[in-house]
Enquirer: 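Okay, here's the structure, questions in a sec.
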Number of protein chains: 2
Amino acid sequence: MPAESEPGTAAQQDRRRRILDATVELASEGGFDAVQMRAVADRASVALGTLYRYFPSKVHLLVTALARELERANDAFERKPLAAPTAQDRVLHVLNRITRSLRKEPSLTEALTRAFMFADASASAETRAVVAQVHRMLLRAMRDPAAEAPSEPTGEQRAVAQVIGDVWLATLVQWVTGRATAADVGRSLEVAVGLLLRPSADR
Amino acid sequence: MPAESEPGTAAQQDRRRRILDATVELASEGGFDAVQMRAVADRASVALGTLYRYFPSKVHLLVTALARELERANDAFERKPLAAPTAQDRVLHVLNRITRSLRKEPSLTEALTRAFMFADASASAETRAVVAQVHRMLLRAMRDPAAEAPSEPTGEQRAVAQVIGDVWLATLVQWVTGRATAADVGRSLEVAVGLLLRPSADR
DNA sequence: GCATCGACTGAAACGTGTTCCTATTATGCA
DNA sequence: TGCATAATAGGAACACGTTTCAGTCGATGC
């Protein structure tokens, strides 16, 4: 019995993958404005109506693509151990890695970030998936990798992860909107992490 | 000699005010989607082309309206002293007041917040004005009102104000997008302020 | 008073997100 | 295999943000 969680036939899964791939390609090339629904449909070899059957709006489409990208990044992260001794160092390491890859793809970052920020309540399922991936990433970095059993995060850890995630998104918006440079993003995150994760207690 | 900083003739200033008033009215009634450029022009008794002469896009228009609302709120705040003994209490007091008024106008909040978050680099002057108002509000609350000379904020104070502002915007987005309730917004802010402004030192 | 110049009006037109409709194709079932 | 149903293709149509333009109005200088 196949334990696949993916719904639909193989052809449908392939259409969905093609659509998301086309979305990321167009976003990488020209940012939010270049992700035009007709262009996505064309590049994915799918009719416009079919695109709307799979994703009910441009925002749903882009936020879903963001969730998929974060999921991939998380899976890649989890294959490597985090060696740094303190939670602060580990969190900063992870954040710096992500920031570096965002800097390499500014148009893609702009497209995905603006879609996430513009999403309304109808896309809350998709935005929640994105937030869940961010928390997964941060909580893993905060957890002590030396501990044997991966314990449940404490309430304070969750709160700190939430705040760091908020700061991350806010600074990302500042970068995308031209109010801060990529270097500023890194600095802001370091400041926030420094304020929130004092190295004294490895909380 | 008039030291007016407002540019343009009286008629132009009046048109500009009518446009922003119409924007806030429509936003209060139906949120972001109800702020349609033709509707704004009609209600402000102005031609569509004139509206675009004053504000080059819907986002510019809404973010400018947000800056004006925040400016008004700040002016009102500054007429009352902040009596609470600690910076933490004063900041939470101010944030709670704002949150309460946002809760009373959910459609307006949705419209202004989404516009701010969706703004691209071409509106960075307008978004910067909004950020400046938020920082002004937070730094005033963090400052010790008992001190005689209103001293310049320290670097750490600025950093903390920045982080709190980031968290505020991020939680606002969560509320607007239906991922959190208004009560959650208050709680998140309390947690963040608690983490960032320990009552021990009145920093 | 009159000419000039910039701002405003009213309306048409365009681009892109979104919806809708019909013909065609794929899929599962008797 | 043949049929019923759903999914897809192709494309027209609509809504709203945005642009453009010809004509009108009002202030300013002569």
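What you see below is based on every heavy atom in this structure, not just the backbone, and it leaves out hydrogens, waters and symmetry mates. As the structure is a prediction and not an experimental result, all values here were calculated from the model. To find a chain, count down the sequence lines: A is the first, B the second, and so on, and within it residues start at 1.
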Enquirer: Any cation-pi pair here, B:Arg16 with B:Tyr54, using under 6.0 Å and within 45°?
Expert: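 No, B:Arg16 does not sit over the ring of B:Tyr54.
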Enquirer: Using whole Å, report how far CZ of A:Arg38 lies from P of D:dG10.
Expert: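 Rounded to the whole Å, the gap is 15 Å.
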Enquirer: For B:Val35, report the nucleic acid contact type (base, sugar-phosphate, nothing); a contact means any heavy atom under 4.0 Å.
Expert: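 Answer is sugar-phosphate: B:Val35 comes under 4.0 Å of backbone atoms only.
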Enquirer: Pick the nucleotide of DNA chain D nearest each of B:Leu48 and A:Ala11; which residue has the one closer to the 5' end?
Expert: A:Ala11
Enquirer: Starting at atom CZ of B:Phe32, determine the distance to atom C1' of C:dG17, rounded to an integer number of angstrom.
Expert: 13 Å
Enquirer: Return the value, rounded to whole Å, for the distance between atom CZ of B:Phe118 and atom P of D:dG17.
Expert: 12 Å
Enquirer: Any salt bridge between A:Arg38 and A:Asp42, counting N to O under 4.0 Å?
Expert: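 Not counted as a salt bridge, because no side-chain N and carboxylate O are separated by less than 4.0 Å.
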Enquirer: Return the value, rounded to whole Å, for the distance between atom CG of A:Asp14 and atom C1' of D:dT8.
Expert: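 That distance rounds to 15 Å.
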Enquirer: Show me the donor-acceptor pairs, under 3.5 Å and distance only, between side chains in residues 59-68 of chain A and residues at least two apart or in other chains.
Expert:
from	atom 1	to	atom 2	distance (Å)
A:His60	ND1	A:Ser57	OG	2.7
A:His60	NE2	A:Ser122	O	3.1
A:Thr64	OG1	A:His60	O	2.7
A:Arg68	NH1	A:Asp21	OD1	3.2
A:Arg68	NH2	A:Asp21	OD1	2.8

Enquirer: Rounded to whole Å, please give me the gap between CG in B:Leu26 and P in D:dC16.
Expert: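 Nearest whole value for this atom pair: 13 Å.
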Enquirer: Could you tell me the separation between the CG atom of A:Leu51 and the P atom of C:dG17, rounded to a whole number of Å?
Expert: 10 Å
Enquirer: Between B:Arg143 and B:Glu152, does at least one N-O distance fall below 4.0 Å, as a salt bridge requires?
Expert: no
Enquirer: Send over the distance from A:Phe55 CZ to C:dG17 P, rounded to a whole Å.
Expert: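 Whole-Å distance recorded here is 16 Å.
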Enquirer: Hey, does B:Ser57 reach any base, or is it just sugar-phosphate, or nothing, if we go heavy atoms under 4.0 Å?
Expert: sugar-phosphate
Enquirer: Treating B:Thr177 as the side-chain partner and A:Asp120 as the backbone partner, does any N or O pair qualify as donor plus acceptor under 3.5 Å?
Expert: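 Not a single qualifying donor-acceptor pair exists.
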Enquirer: Between B:Arg72 and B:Asp75, is there a salt bridge with N-O shorter than 4.0 Å?
Expert: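 No, this pair does not count.
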Enquirer: Please report the distance, rounded to the nearest Å, between CG in B:Asp33 and P in C:dT18.
Expert: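 Whole-Å distance recorded here is 11 Å.
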Enquirer: Between C:dG28, C:dG17, D:dG17, which nucleotide has the shortest distance from any of its atoms to the side chain of A:Gln36?
Expert: C:dG17
Enquirer: Report yes or no: does B:Lys58 contribute a side-chain atom to a donor-acceptor pair with the main-chain N or O of B:Val35 at less than 3.5 Å?
Expert: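 Pair found, side chain donor or acceptor close to backbone of B:Val35.
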Enquirer: Between the protein and nucleotides 6-8 of chain C, are there any N/O to N/O pairs under 3.5 Å, and if so, what are the atom names and distances?
Expert:
from	atom 1	to	atom 2	distance (Å)
C:dC8	OP1	B:Arg15	NH1	2.9
C:dC8	OP1	B:Tyr54	OH	2.8
C:dC8	OP2	B:Arg53	NE	3.4

